[in-house]
Number of protein chains: 2
Amino acid sequence: MHKRKTLQDVALAAGVSKMTASRALRGDKDVSQRSIMRVQKAAREIGYVGNHLASSLAGKATDLIGVVLPNLENIVFSHVLNGITETLYGTGLQPVCGITEYDPEREYEVVRNMLSWRPTGLIVTGLEFPADTAKLLVEADIPVVQIMDTDGDPIGGCVGFSHHQVGFDMAQALVQSGRKRIGYIGCGLGQDNRAQKRFDGFLAGLQQADVRLVAQRQDPGFSSIATGRRLTQALWQDHPDLDCIYYSNDDLAAGGYHYFNDLQVAIPDQVGLVGCNGLDFISGVPGRIGTTRTPRHEIGEAAVRMILQAVASGAPLAPIKQELRPEIDLGLIATQPPATPDP
Amino acid sequence: MHKRKTLQDVALAAGVSKMTASRALRGDKDVSQRSIMRVQKAAREIGYVGNHLASSLAGKATDLIGVVLPNLENIVFSHVLNGITETLYGTGLQPVCGITEYDPEREYEVVRNMLSWRPTGLIVTGLEFPADTAKLLVEADIPVVQIMDTDGDPIGGCVGFSHHQVGFDMAQALVQSGRKRIGYIGCGLGQDNRAQKRFDGFLAGLQQADVRLVAQRQDPGFSSIATGRRLTQALWQDHPDLDCIYYSNDDLAAGGYHYFNDLQVAIPDQVGLVGCNGLDFISGVPGRIGTTRTPRHEIGEAAVRMILQAVASGAPLAPIKQELRPEIDLGLIATQPPATPDP
DNA sequence: ACTGGTATCGAAACCGGTATCGGTACCATG
DNA sequence: CATGGTACCGATACCGGTTTCGATACCAGT
């Protein structure tokens, strides 16, 4: 268990000072070509790896961008993270991500922990935070970007879309396409206030169109295809007269699709199904399930760009919202009126 | 833009020395209750956050566990990461993950970068590495665990399953259930050598049963439901006599399912579909698609346990394989012989 | 020969914590 | 009263790099 090689070892092997070795490896000025060669050779030979802890401590900043997400099993956040990673690639910055599981206490810990690594920027999910967490973010003294949601007042930068609007627009679109007996199925509303916002918006949209929500079923757990199937069955058994079901998520809608498929209920002729997020599943059954395609990758991209810009300009990030418009895709629902038109 | 608070500031505010403040905040011995109170109060009041860079540099080790994964859009790796995160939660250790996109060069960079943070342990995906990357891992001087694959010789710890075996077993199971005209559909074989291993194993399994693979279709890109649908269509048009299709992935199988569903081809009566990984989708169409349920969460868990044990014992991690057996689920294929039995 | 500029290098201070070790203060004991 | 043990505290030396600043060598210009 030999000790790790340090810059000193490299310098020694190269026959130069620690300083010259440092400069040579970083491609700094004021080093002769000869020294650069010798140092690089020495570093390679003794297998020098470098110590980010030391260099970041000595330098002013790290090359870290903190990313705080509620969950990674939800593919939506994977996509965001991917957008972030891709955009960061080549900038010399590196994402490091923390998971909160929608738990505020864990969130506080994660944010605090992120900050203790002195990242160059921070990307967090959502707009609402408990007071102590908000305090951390406000005093962080680095660019902070809040993503996924624009229904509220951001602390720093903000990239996302209005979930209320998404719900509202979908309600209007459905009503306009002729659906009138609409049900709702949702998941994780207690934890995920963005799903709640969509639902609220949806209700508001229905109300404005003078349509009442016929019924709803909710489940406190994470959304999944299996849960969607179960809830759909529960809802349908009580309300077989529905001509449309709005799901808080595409996973759930997929579960509903399978259920009706096995039941030989025509989709979307008899019942229209709409979810949210435009997940991969939808493209497997083209036109059959409506959805709202949300710009997840783009959100990650835009968030990074905000941070990069703030870093470049040196100025702190002013509270600015960047709204990315999601796109409603009703699929066949848009062209096929429900089988049983209302009187 | 006030400077960040340091431990010195806390000490000053609390009227003690830097050392006492340090001890108080970490819950070290040799501090009076009175000092602890004052320091904690001071820290809270001035909003002290701590500096992991400094503490990790000064102490011997960080609380980081590096995790190197090829991709996060593939839900399989999200599940692994989740298992890791969950198991690490409460241990004081923290995962930090790097993405390679199946690119060896990027992989080298990621591993090197991970190591430069002096993590306490490292979890990497796969068994095969280019020489330079392998050298880094061998000389890392920390517990290294390789996951997902056991078909080969590990550098340190190793948790996963044999992909060759998974393919082999599935071939045998399919033949035994009466399927004889079998096709294959796969994705990303160039990059993902684990999918390749499954395919090789599958071919070996067929051969042993004296069954020939009728046809195959492959795509170099990432697997997705849409791709599965497309490849299935391509394969089916040329070979409508198949009674079974093996997919390298559940995503692809799901695409095939949708295709046949729209075509009104009975599943699994006329064509049996089997994928791999036991993803969420399968549970939405119970029994209809066969799969191999792979223990992703468990792999993450076991990998962490290996590292924790190595850290606790202080000994380096000997090359040991831990094999987790995946479980084949043929669903209805197991009980329903193909509609057109062979002559 | 002297001055000034450029290229190259290294010693020392420092980043913000922790490990180590040597002091006090205070009390109990013989 | 001398001794020793315990509880608590702080000065100092690091950890492994980078920043800063001054030193040296060498060459051109005058």
Side-chain angles (χ1 to χ4, degrees), chain A residues 2-40 42-43 46-64 92 112-113 115-120 141, chain B residues 2-40 42-43 46-64 92 112-113 115-120 141:
Chain A
H2 43 95
K3 239 178 115 242
R4 291 241 62 144
K5 303 293 186 212
T6 80
L7 190 59
Q8 186 63 268
D9 299 326
V10 177
L12 221 59
V16 298
S17 78
K18 208 172 70 164
M19 248 344 284
T20 303
S22 169
R23 282 195 267 253
L25 289 179
R26 278 176 306 141
D28 229 13
K29 289 266 73 174
D30 286 353
V31 197
S32 66
Q33 205 56 36
R34 184 167 147 282
S35 292
I36 293 182
M37 289 309 198
R38 300 176 104 198
V39 169
Q40 288 184 339
I46 71 175
Y48 175 68
V49 169
N51 188 331
H52 251 127
L53 298 170
S55 63
S56 298
L57 178 60
K60 43 214 87 234
T62 62
D63 53 3
L64 260 34
R112 196 185 167 84
N113 194 61
L115 289 178
S116 75
W117 287 103
R118 298 291 183 269
T120 294
D141 212 28
Chain B
H2 42 94
K3 240 182 114 237
R4 290 241 65 140
K5 303 294 186 210
T6 78
L7 191 59
Q8 186 63 266
D9 299 325
V10 177
L12 221 60
V16 298
S17 77
K18 209 172 71 162
M19 229 16 260
T20 302
S22 170
R23 283 195 268 253
L25 289 179
R26 278 176 305 143
D28 230 12
K29 289 267 76 177
D30 288 350
V31 197
S32 66
Q33 206 56 36
R34 183 164 149 283
S35 293
I36 292 181
M37 289 309 199
R38 299 175 105 198
V39 170
Q40 288 184 340
I46 71 177
Y48 174 70
V49 169
N51 188 332
H52 250 126
L53 298 170
S55 63
S56 298
L57 180 60
K60 41 214 85 236
T62 61
D63 53 4
L64 259 34
R112 198 186 165 84
N113 194 60
L115 289 178
S116 76
W117 288 104
R118 299 290 184 269
T120 294
D141 213 28

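Chain A is the first sequence line, chain B the second, and so forth, proteins listed ahead of strands; every chain is numbered from 1. Because only heavy atoms are used, hydrogens play no part in the values below, and waters and symmetry mates are left out as well, while side chains stay in.
Taking atom CG of residue B:Asp28 and atom P of nucleotide C:dG17, one finds them 15 Å apart after rounding to whole Å. If you take CG of A:Leu53 and C1' of D:dC14, they are 15 Å apart, rounded to a whole angstrom. To the nearest angstrom, P of D:dT18 lies 8 Å from CG of A:Leu25. Atom CH2 of B:Trp117 and atom P of D:dG16 are 16 Å apart (whole Å). B:Gln8 has its CD atom 14 Å from the C1' atom of D:dT12, to the nearest Å. For the pair A:Leu7 CG and C:dG10 P, the interatomic distance rounds to 12 Å; values are reported in whole Å. Straight-line distance from the CG atom of B:Asp30 to the C1' atom of D:dG5: 13 Å, rounded to whole Å. What separates CZ of A:Arg38 from P of C:dT8 is a distance of 15 Å, to the nearest Å.
Contact annotation: A:Ser35 side-chain N/O to C:dC9 OP1/OP2 distance is under 4.0 Å. When the side-chain nitrogen and oxygen atoms of A:Tyr48 are compared with OP1 and OP2 of D:dG17, one or more of them lie within a distance under 4.0 Å. Dashed line: the shortest gap from a side-chain N or O of B:Ser55 to OP1 or OP2 of C:dG17 is not under 4.0 Å.
Residue B:Leu7 forms a side chain to side chain contact (heavy atoms under 4.5 Å, CB included) with just one option from B:Val39, B:Leu25, B:Leu12, and that option is B:Leu25.
If you check distances only, the side chain of B:Lys18 never reaches the base of C:dG16 with a donor-acceptor pair under 3.5 Å. For D:dG16, the base has no donor-acceptor partner in the side chain of A:Arg4 [N/O atoms by modelled type, under 3.5 angstrom]. In this model, no side-chain donor or acceptor of A:Arg118 finds a partner on the base of C:dG16 within 3.5 Å.
Counting heavy atoms from C-beta outward, B:Val49 and A:Arg118 have side chains that approach closer than 4.5 Å. Between A:Thr6 and A:Asn51 there is no side-chain heavy-atom pair separated by less than 4.5 Å.
Within 4.0 Å of A:Arg23, counting heavy atoms only, lies at least one base atom of the nucleic acid. Residue contacts shown for B:Asn51 are limited to sugar-phosphate atoms, with no base heavy atom under 4.0 Å away. At a threshold of 4.0 angstrom between heavy atoms, the contacts of A:Lys29 with the nucleic acid are absent. No engagement by A:Ser56 is indicated, since no non-hydrogen atom pair under 4.0 Å with the nucleic acid exists.
When distances are taken from the side chain of A:Leu57 to each of D:dT19, C:dG17, C:dG16, the shortest belongs to C:dG16. Looking at the side chain of A:Arg26, the nearest of the listed nucleotides D:dA11, D:dG17, D:dT18 is D:dT18. Residue A:Met19 places its side chain closer to C:dA12 than to any other of D:dG17, C:dA12, D:dG10. Nearest nucleotide to the B:Val31 side chain, out of D:dG10, C:dG10, D:dC9: D:dC9. Of the candidate nucleotides D:dC8, C:dG10, C:dG17, C:dG10 has the atom lying nearest to any side-chain atom of A:Thr20.
If you take CG on A:Leu53 and OG1 on A:Thr62, they are separated by 11.0 Å, rounding to the nearest 0.5 Å. Separating the NE2 atom in B:His52 from the OG atom in B:Ser55 is a distance of 5.0 Å, to the nearest 0.5 Å.
Contact record, B:Asp63 with A:Trp117: OD1-CZ2, 3.7 Å, taken as the closest heavy-atom pair.
For B:Ser32 and A:Ser22, each mapped to the nucleotide of DNA chain D holding its nearest heavy atom, the one lying further toward the 5' end belongs to B:Ser32.
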